[in-house]
Amino acid sequence: MPTTITEQDLGLMDQVNSLARKARLAAAVFSQYSQEQVDNIVKAMTIAAINAAQDLAVSACEETKMGLVEDKIQKNLVASEFQFHQIRNKKTVGIIKEFPEDNMVEVAEPIGVILALSPVTNPTSTIIFKSIACAKTRNSIIFSPHLMAADCSNKAARIVYEAALAAGAPRDFITWIDKSPRLRRVTELLMAHPEVDLVFATGGTHMVKAAYSSGKPAIGVGSGNTPVYVHKSANITAAATDIIISKTFDNGTECPSEQTLIIDDEISDQLLSEFKRLGCHVCSAEEVDKVAETVIDARTGGMNYKYVGQPANLIAEHSGFTVPADSKILLCPMLGELRRHKLVVEKLMPVLGYVTVHSDQEGINRALDINYAGGTGHTAGIFADDESVIANFSEAINAGRIIINSPTSIGGLGGVYNNLNTTLSFGCGTGGGNITTDNVGISNLINYKRVPRRSNFIMSFQTTKNLYINPGSLDHLRELKTKTAFIVTSKSAAKRGHLALVTERLPAHTRVDTFSEIDAEPDFDTIARAIKRMKQSPPDTIIALGGGSVIDAAKIIRLFYEHPNLNLAEVAVSFLDFRHRLAVFPQETSIQLVAIPTTSGTGSEVTPFAVLSLHDGEDPISLNVGTADEHKTSAQKRKVSLIDQVLLPDIAIIDANLTKTLPKDITVDSAVDALTHSLESLVSSFASDYTDGLALEAMRLILEALPAVLENPSNVLLRHKLHNAACLAGMAIGNASVGLNHALAHSLGVVFGIPHGRANGVFLLSTLPHNAKIPTKFTAVSSYPLWIADEKYARAAQFLNLPVDEKAEKGSSREGLKQALIVALRRAVFDLLQSCGQPKSIAELGISEQQFQKELPKLVRLAFEDLSLRTNPSLPLQEEVAQLFVEAYPPRSRP
Amino acid sequence: MKKDNEKEHNRHKIVGSLLRNDEALEKVIASGKNVVVDFSQCNFISVAGLEWLESMLLKAGSGKAKVNFVDIPPTLYKVFKVARIPSILDACGSPIVSSVNPNC
Ligand SMILES: [Fe+2]
């Protein structure tokens, strides 16, 4: 707060410091209290307040010359008895709330020292209310009473404090500023005092503003101007009674009380005559002018504080006309432009404006006029039976409490006519310059400590449901339940004779259509063409026959055929954690997808992944089946991944007979891809006991079978081992995903057009040692709270029975043995690549150093944004990714 | 309040609730000896207790005797932290000035 302490203030500082210190020590001591101790104190305070309700009401009326004793007694009881009823069973110490489904608890921390400002309109009730609320929440409170109500306020504070002390409360947890001409200055100094933790201001706008400017957290309340719409569907006699009860309560000093009525034309005569019958005075136009002249301060345009809480007859008398002494309310028709009428403002006295309206729309708009004439965020009311007008009213009006079919003043206090929190402090939200729209109470006087327990990742294991394995399993097609099949394949499938093998096995009378235009990198145009073809003869089955790109394409074809309005951009969104990803895939599918891999690599037949190429400049936002044709083919620049279990094929046929004729280069490329899948899924941050077994066995099969297949390419048994290995590794990555090596390979593949498996091979000898090192940065989203990549590599070497340096084996240190095992694994990978003649470095791919250096920044950027990185056991830094590329360039020597 | 004076002159244990002055400890302090105050058995401290600790530390300070608070249960240590009385924090070995950290 911009408070400069003047010389005059120095004399006050002793008082200020003493109050602050007392409150500080009390707050410290209060922190030790149990719920039971606190509740006993609160009970004692409540009893004392109830007993003193009348005495304090009389004192308040005498001192402030406002309001009515009878109603002030009621307010004191609302602050004590009603509040007690609401908070008696509430927990405010220790664990106050549990969220079992979120595995979290909430623990209460007191606010500390609260400086509380109290108003002249509700002095004693506000003090009682805040004192009890503070005791319940173990805070200490310093009261700054309104100067015109200081004696009764401090008397109220003393009564509840003494009762609390007798019940064991900390000494001085309630204190107050004594009445003096310097009261306001002391308050300002306290607002800026370092020992004050929160300013809780209920009172005039000036003090609330000061509280918000103090630089301290503050709970302030705004000013009101309550519009009340009496709709034609309302119960008119009940509305009249409720409004009288409310507006006359404490002579209108309650700030949520009715200020202007908006009355439907159809019922205005009836309502007004009911008001008259019950003792209200309906003013003539001339009288309205006189009242406005009197109760509105011409200087400010606001109400004249002299008349706050004064009786109706006195206001009439001062305005120059007479009404019966027991007149309850002066009802003032507001003719002419409502928004410029003098009485449009708040009038905390029994002066009630009204206008008539001809429709719901006009009714709500006039209510908005009142609402926005100084009362935003505070209170509004409506009397109506029609739910739709209530809904429209609540939507339009900006008020923290919108009271339906009941008095707004007592209704706003809460706990009497409704289940609002009992309060004497009405939060008005930002409409009133406040932080909350709450009925401020104990829940606003607690610091909430949220204590979430670690939630275990719920992992699932999903794969293709029906696998038919062993050479010859293609015969399963004979039993396939299909009448109309759509075969998705590549040109080479026909050449290699695979297409015929499939079609001749399909059940007789199956109508078959074939789309064989899938190439190595299918794009969305191809997908769209296939879908167009499918539409000509709608199939019940899609058969994907080919390598990974064919099966991927078939997955996407099925998805977009069944959901033509699906937007590619929405399902291909990148994500950090697959459980919270934005993409929502439609789960309904009625076409069965049969995947028949003819290579042993991607394992796409058992994964929920599909990769699609996008052309340069192609925006996935605009891509759905309808728009694909418009896109001209251009250089392919990037790939997007679709990931969802709905993409999983229903049936996979793992028949190694189809791989017998696979050329050597494709055999090795795809086997290296599968090997990479096994190595990466093993150490993935989403690896599980379920995927580890698959990864290890796949690794073993590849290391054993690949060199043998190269020697004996048409040996189906050996091919069978490789084919199984690819499928097992596919299941592993389908659930644990891949890692860093794939990120690098994807990037290299896109930039230089290197086949996927070959690209994987050149990085393996870099990523293995990199992932075996303690990471610079651990990956944050992991399904297990450990980093064990090195252990897992070592375990793999042991499982594979790899030869280890004798020295290390005999050596004493476990760490030494582990490192030796990791080296053994690296050697095994090196030897395998070497024996297959497979490139082990980027240079061996025929990429010149110059080209490589030129593309390096792009390579790093693409790799870094690759989804595969998310499940790597470490999160590589950008510079580490760059280093890995650089390292992978020169030819390698054996580890 | 129960008191449990241990044999050694320079160690004093506060037992139970510290509601007002502890005469035995006052005597030790008056003798000008350094003293270690053991709070392990103390389970509550009142406002008066806090005020007395502060005045006792003031006396010890003027007599150049060192007073150390040890084995303070967290509930009590929290009271000391919230109360922010410099001499008490000092006796706990805790820094007094709260640093201003950047917001985030
Ligand atoms: Fe792969």
Side-chain angles (χ1 to χ4, degrees), chain A residues 17-38 40-41 93-95 107-114 134-135 137-142 161-162 164-175 193-198 215-217 446-447 449 451, chain B residues 1-2 14-22 37-59 61 69 71-104:
Chain A
N17 286 333
S18 156
L19 281 167
R21 178 177 150 108
K22 282 177 178 173
R24 165 63 44 197
L25 297 197
V29 168
F30 225 162
S31 71
Q32 302 164 94
Y33 281 53
S34 69
Q35 187 73 64
E36 198 188 350
Q37 288 173 302
V38 163
N40 283 334
I41 293 165
V93 180
I95 294 177
V107 179
E109 175 78 24
I111 295 280
V113 174
I114 297 174
C134 275
T137 48
R138 295 180 296 163
N139 295 305
S140 56
I141 187 161
I142 306 169
Y161 170 60
E162 282 171 357
L165 202 60
R171 203 189 74 203
D172 300 328
F173 91 102
I174 298 176
T175 52
H193 200 284
E195 297 293 9
V196 170
D197 294 307
L198 176 81
K216 290 285 164 61
I446 292 173
N447 289 312
K449 299 185 283 193
V451 189
Chain B
M1 181 179 47
K2 283 192 285 177
I14 292 175
V15 177
S17 300
L18 182 62
L19 301 177
R20 59 188 72 82
N21 62 327
D22 180 324
V37 185
D38 179 343
F39 280 88
S40 61
Q41 303 295 308
C42 179
N43 54 24
F44 180 82
I45 187 159
S46 69
V47 172
L50 279 176
E51 287 177 339
W52 174 74
L53 282 177
E54 188 187 24
S55 68
M56 184 267 295
L57 289 168
L58 197 74
K59 273 181 214 154
F69 293 177
D71 289 344
I72 314 163
T75 323
L76 283 195
Y77 193 46
K78 171 102 176 245
V79 173
F80 295 159
K81 286 285 193 189
V82 177
R84 305 203 274 233
I85 297 172
S87 56
I88 292 181
L89 290 174
D90 192 43
C92 300
S94 166
I96 295 149
V97 189
S98 65
S99 59
V100 177
N101 295 315
N103 298 326
C104 62

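Chain A is the first sequence line, chain B the second, and so forth, proteins listed ahead of strands; every chain is numbered from 1. Remember, it's a predicted structure, so these values are computed and weren't measured experimentally.
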Legend entry - Intermediate values then yes/no, side chain to side chain contact (heavy atoms under 4.5 Å, CB included), B:Ile45 and B:Ile14: CA-CA 10 Å; B:Ile45 187 159; B:Ile14 292 175; over 6 Å; no

- [ ] Verify side chain to side chain contact (heavy atoms under 4.5 Å, CB included) between B:Leu19 and B:Phe44, making sure each step is shown before the conclusion.
- [x] CA-CA 8 Å; B:Leu19 301 177; B:Phe44 180 82; 3.8 Å; yes

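Aromatic ring orientation, B:Phe80 versus B:Phe39: perpendicular (interplanar angle above 60°, classes split at 30° and 60°).
Within the 4.5 Å cutoff, no side-chain heavy atoms of A:Leu165 are placed close to those of A:Phe173.
Here the closest non-hydrogen pair linking A:Val113 and A:Ala27 is CG2-CB, 4.2 Å.
Here A:Cys134 contributes atom SG and A:Ile41 contributes atom CD1; the two are 12.5 Å apart, rounded to the nearest 0.5 Å. We find the CG-CG distance between B:Asp71 and B:Leu76 to be 11.5 Å, quoted to the nearest 0.5 Å.
Of the atoms belonging to B:Leu50, it is side-chain heavy atoms, and not backbone ones, that fall under 4.5 Å from chain A.
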Give the atom names and distances for all donor-acceptor pairs closer than 3.5 Å across chain B and chain A.
from	atom 1	to	atom 2	distance (Å)
B:Ile45	N	A:Gln32	OE1	2.9
B:Ile45	O	A:Gln32	NE2	2.7
B:Glu51	OE1	A:Arg171	NH1	3.2
B:Glu51	OE1	A:Arg171	NH2	3.0
B:Glu51	OE2	A:Arg171	NH2	2.6
B:Glu54	OE1	A:Arg21	NH1	3.2
B:Glu54	OE1	A:Arg21	NH2	2.5
B:Glu54	OE2	A:Arg21	NH1	3.3
B:Lys78	NZ	A:Glu109	OE1	2.8
B:Lys78	NZ	A:Glu109	OE2	2.8
B:Val82	O	A:Arg24	NH1	3.0
B:Arg84	NE	A:Glu195	OE1	3.2
B:Arg84	NH2	A:Pro194	O	3.3
B:Arg84	NH2	A:Glu195	OE1	2.7

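Of all the listed residues (A:Ala28, A:Gly112, A:Pro170, A:Ala26), the one sharing the greatest number of non-hydrogen pairs under 4.5 Å with chain B is A:Ala28.
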